[in-house]
There are 2 protein chains.
Amino acid sequence: MKKKISIHDIARHCNVSSTTVSFVLNNKAGENKIRKEVADKILDYVKEVNYTPNHVAKSLRTGKTRIIGMLVEGISDPFFAAIAKGIEHRAYKLGYKIFFASTDNDTNKAKDLIKVFRERQVDAYIIAPPPGIEDDIRSLIEDETPVILFDRYYPSVNTNNIIVNNYDGSYQAIRYLQQNKYVNIGFVTLESSQSQMEDRMKGYLDAIKGNNQTSYVLKVPYSLTDPDILNHIKDFLNKNSVLDAVLFGTNYLASNGLEAINALQIKVPEDIAVISFDDSPIFRLISPTITAVAQPIENIAEAVIKRLMTCLYDPIANSKTETIVLETEFIIRNSSAKKTKKRLVV
Amino acid sequence: MKKKISIHDIARHCNVSSTTVSFVLNNKAGENKIRKEVADKILDYVKEVNYTPNHVAKSLRTGKTRIIGMLVEGISDPFFAAIAKGIEHRAYKLGYKIFFASTDNDTNKAKDLIKVFRERQVDAYIIAPPPGIEDDIRSLIEDETPVILFDRYYPSVNTNNIIVNNYDGSYQAIRYLQQNKYVNIGFVTLESSQSQMEDRMKGYLDAIKGNNQTSYVLKVPYSLTDPDILNHIKDFLNKNSVLDAVLFGTNYLASNGLEAINALQIKVPEDIAVISFDDSPIFRLISPTITAVAQPIENIAEAVIKRLMTCLYDPIANSKTETIVLETEFIIRNSSAKKTKKRLVV
DNA sequence: GGTGAGTACTAAATCGATTAAGTAATTATT
DNA sequence: AATAATTACTTAATCGATTTAGTACTCACC
């Protein structure tokens with residue numbers, strides 16, 4: 001890499017000090033009484049040689065990188081991809097750049113990535129935390145670096161959290177199925193004690209018990225890859241042929257579930273109704289279209305950025321914490337059509 | 001943000017110079033004859049206070065950030081998401097971090113992002129170039145910063161390119177349809193003069209002409225949003241009811257196309273066969289499953305990283321350029337089943 | 001006992017910006 | 001005419017690392 005032009009090179013060429021160049025480049029020419037002709041001379045030369053400031057040096061001096069580190073479970077998951085896009089877009093307009101990284105919900109990978117972010121001196125963190133990084137989060141907070149958790153949080157750690165009403169989301173979905181005469185409703189979730197999954201489970205169980213129905217739960221072990229998830233779900237459906245509806249706890253469980261259902265030649269919604277917690281663009285594309293408990297992506301992105309900016313610019317606000325709970329939206333599509341008499345005779 | 005511990009704080013506490021601390025932390029204790037007890041004292045203290053080096057300072061001094069800037073069309077596109085994942089994974093193992101950004105194929109956004117990357121002193125670039133940034137690419141090359149283009153390239157700029165055989169991909173797809181008795185085969189592509197789209201078009205046209213068939217081409221204008229794309233395709237299908245097969249030029253054209261086909265109540269593959277250039281995870285999920293010209297994602301990622309590392313560590317290699325062409329894989333699924341007599345009578 | 005080699009470190013320059021404090025020249029005020 | 005204020009800059013310290021060129025000391029060897 002060729003040596004790049006620095007502020008000193010510009011200063012030398014224009015017969016001024018580097019301070020003057022810095023003032024001009026940072027729009028402080030006015031308040032520092034730099035004459036217009038001097039400013040213009042500098043600006044002209046800057047344009048001529050296509051100078052771009054060295055942000056590394058700038059960051060070292062100012063202690064600010066204007067970079068925000070963002071940890072998600074997987075950037076290819078449509079939910080996280082959409083959140084990331086919404087956040088990046090807003091951050092960009094405010095002059096911040098987002099560093100993305102996927103944890104794959106792996107504790108050690110997440111710890112590692114936080115270390116990388118720390119080394120790069122990111123100004124703040126946006127994290128969908130995997131299990132087991134409580135201490136790392138605490139340590140960031142001790143440094144007084146703004147941290148926002150989203151999608152899930154640790155009840156044991158005092159943080160800023162932007163979450164959705166997971167309990168209500170699954171409760172509503174089950175109530176809807178019950179009102180449409182479904183009686184044997186299953187729930188496919190993850191073997192996980194993360195807050196969002198526990199809340200979805202509670203919503204399911206309360207709705208089932210409230211209606212005196214039997215619960216059928218499959219907890220898929222964490223860190224399975226796709227074909228294994230599919231097989232677990234196949235087994236579950238085979239062993240519980242009485243099921244006439246299933247709620248899937250995440251969109252990728254739903255995707256795998258649909259593939260399992262296809263493979264077993266079961267018809268949706270004739271033989272079994274399907275609802276996904278978490279919407280996905282493909283759910284309105286496929287036939288039948290899939291009913292979903294949608295998370296309010298744009299609202300989440302907005303809330304995250306708003307709280308983050310407050311924390312960045314107001315140390316007092318940053319020393320406090322806030323938990324914002326947003327409501328889900330229940331989107332009824334074809335996969336959960338009202339159960340007819342005919343279909344009751346399974 | 002609280003002031004963090006620096007190498008000088010460690011030096012002071014351990015009664016050594018910062019040079020010694022630097023040597024110890026960079027595994028140069030041995031070659032610099034630092035005694036084991038001194039090294040251990042430093043290492044113990046470093047662990048005790050949870051010191052993480054300031055990579056901003058390090059980068060300023062060394063001129064290397066170990067960050068690679070990557071520009072893709074849209075990180076939510078399954079093709080780019082998969083490539084990004086493959087590249088990130090490989091780069092991570094080599095101690096590099098990838099900075100992603102989406103251009104949305106917008107010239108100005110891309111120029112802007114390159115400027116941001118430059119300011120942050122990224123060590124190298126991986127770019128799927130939108131139209132019109134030839135000069136920016138040339139300018140990077142003048143700086144002797146390694147640049148790899150992928151997916152498409154500028155014939156007029158001398159760069160390192162990793163691309164697929166687009167011509168052959170669509171040629172093969174059309175030949176396959178012809179062998180299965182399809183006669184009125186359309187091509188839905190983008191209004192674009194980018195290399196990959198032009199090559200796909202040529203492959204289509206040559207195969208059609210080679211068989212003395214009529215070509216039916218829809219060029220969707222660039223920068224349309226989803227509902228508009230969908231409407232354009234609906235119109236095209238309505239006006240050309242004679243079509244018995246369509247090749248879509250990208251996976252999102254195919255997604256929109258399928259939605260259009262659904263809306264028009266046309267059956268795939270009974271009424272019309274469908275092939276997508278570019279595979280997508282959803283294509284094996286939906287019913288019918290979609291035949292696709294798949295790009296060799298892992299090979300592309302591998303080739304990009306390999307060439308990039310060569311350029312980073314070998315200035316002579318970096319002064320030369322190389323274009324690597326990878327072959328596509330034709331994945332036959334249900335949406336292009338062999339045309340039967342019955343279906344010939346449309 | 002003088003020279004050379006090796007050991008175990010340190011001083012200080014450097015990367016490219018920002019910024020507090022200072023200065024010389026001009027203009028204004030009393 | 002002396003002093004104060006303003007203008008239009010500059011000097012030099014600083015951020016936190018790396019790295020070149022030392023320094024002081026011990027030990028060996030002729």
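By convention in this document, chain letters (A, B, ...) are assigned in the order of the sequence lines, proteins followed by strands, and residues within each chain are numbered from 1.
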Inset, instruction - Identify, with sequence neighbours excluded, every residue that meets salt bridge (Lys or Arg N to Asp or Glu O under 4.0 Å) alongside A/R120. - result: none
Inset, instruction - Check salt bridge (Lys or Arg N to Asp or Glu O under 4.0 Å) between A/R61 and all other residues, then give those that pass, not counting sequence neighbours. - result: none
Side-chain donor-acceptor pairs under 3.5 Å in residues 25-34 of chain A, sequence neighbours left out?
{"residue": "A/N26", "atom": "ND2", "partner": "A/S22", "partner atom": "O", "Å": "2.7"}
{"residue": "A/N26", "atom": "ND2", "partner": "A/S22", "partner atom": "OG", "Å": "3.4"}
{"residue": "A/N32", "atom": "ND2", "partner": "A/K28", "partner atom": "O", "Å": "2.9"}

How close or far is atom [atom2] of [N] from atom [atom1] of [X], stated in whole angstroms?
{"X": "B/N54", "N": "C/dG16", "atom1": "CG", "atom2": "P", "result": "17 Å"}
{"X": "A/K36", "N": "D/dC9", "atom1": "NZ", "atom2": "C1'", "result": "18 Å"}
{"X": "B/E31", "N": "C/dC9", "atom1": "CD", "atom2": "C1'", "result": "14 Å"}
{"X": "B/R66", "N": "D/dA17", "atom1": "CZ", "atom2": "P", "result": "18 Å"}
{"X": "B/I10", "N": "C/dC9", "atom1": "CD1", "atom2": "P", "result": "17 Å"}
{"X": "B/L60", "N": "D/dT14", "atom1": "CG", "atom2": "C1'", "result": "12 Å"}
{"X": "B/K64", "N": "C/dT14", "atom1": "NZ", "atom2": "P", "result": "20 Å"}

Legend entry - Listed partners of B/K2 passing side-chain hydrogen bond (donor to acceptor under 3.5 Å, both in side chains), at least two apart: none
Legend entry - All side-chain hydrogen bond (donor to acceptor under 3.5 Å, both in side chains) counterparts of B/T19, not counting sequence neighbours: none
Inset, instruction - Sequence neighbours left out, what passes side chain to side chain contact (heavy atoms under 4.5 Å, CB included) with B/Q121? Give chain and number order. - result: A/K4, A/N54, A/V56, B/T65
Inset, instruction - Report which part of the nucleic acid A/V16 touches: base, sugar-phosphate, or nothing (heavy-atom distance under 4.0 Å, all strands). - result: sugar-phosphate
Inset, instruction - Would you mind listing every salt bridge (Lys or Arg N to Asp or Glu O under 4.0 Å) that reaches into residues 139-158 of chain B, with sequence neighbours excluded? - result: B/E73-B/R152, B/R118-B/D143
Legend entry - Pair listing, salt bridge (Lys or Arg N to Asp or Glu O under 4.0 Å) test, anchored in residues 124-141 of chain B, at least two apart: B/K111-B/D136, B/D135-B/R138
Any protein N or O atoms within reach of nucleotides 3-8 of chain C? Criterion: under 3.5 Å, listing atom names and distances.
{"residue": "C/dT7", "atom": "OP2", "partner": "B/K33", "partner atom": "NZ", "Å": "3.1"}

Considering only heavy atoms from C-beta outward, does the side chain of [X] approach that of [Y] to under 4.5 Å?
{"X": "A/F79", "Y": "A/I297", "value": "yes"}
{"X": "A/F117", "Y": "A/L71", "value": "yes"}
{"X": "B/Y92", "Y": "A/D112", "value": "yes"}
{"X": "A/C14", "Y": "A/V21", "value": "no"}

Every protein N/O lying under 3.5 Å from an N/O of nucleotides 18-22 of chain C:
{"residue": "C/dT18", "atom": "OP1", "partner": "A/N26", "partner atom": "OD1", "Å": "3.3"}
{"residue": "C/dT18", "atom": "OP1", "partner": "A/N26", "partner atom": "ND2", "Å": "3.1"}
{"residue": "C/dT18", "atom": "OP2", "partner": "A/S22", "partner atom": "OG", "Å": "2.5"}
{"residue": "C/dT18", "atom": "OP2", "partner": "A/N26", "partner atom": "ND2", "Å": "3.1"}
{"residue": "C/dT18", "atom": "O2", "partner": "A/R61", "partner atom": "NH1", "Å": "2.1"}
{"residue": "C/dT19", "atom": "OP2", "partner": "A/K28", "partner atom": "NZ", "Å": "3.1"}
{"residue": "C/dT19", "atom": "O4", "partner": "A/T19", "partner atom": "OG1", "Å": "2.9"}

Legend entry - A/S17 side-chain N/O to D/dT10 phosphate OP1/OP2 under 4.0 Å: yes
Legend entry - Distance test, side-chain N/O of B/Y51 to OP1/OP2 of D/dA17, below 4.0 Å: yes
Legend entry - A/K85 atom NZ, neighbour heavy-atom count above 12 within 6.0 Å: no
Inset, instruction - Kindly state which residues belonging to residues 114-124 of chain A come within less than 4.0 angstrom of DNA chain D, counting heavy atoms of the residue only, listed by number. - result: none
Legend entry - Donor-acceptor contact present, side-chain B/R66 to main-chain B/L94, <3.5 Å: yes
Inset, instruction - To the nearest 10°, let me know how far the axis at one end of the helix from C/dG1-D/dC30 to C/dT30-D/dA1 is tilted from the axis at the other, five pairs an end. - result: 70°
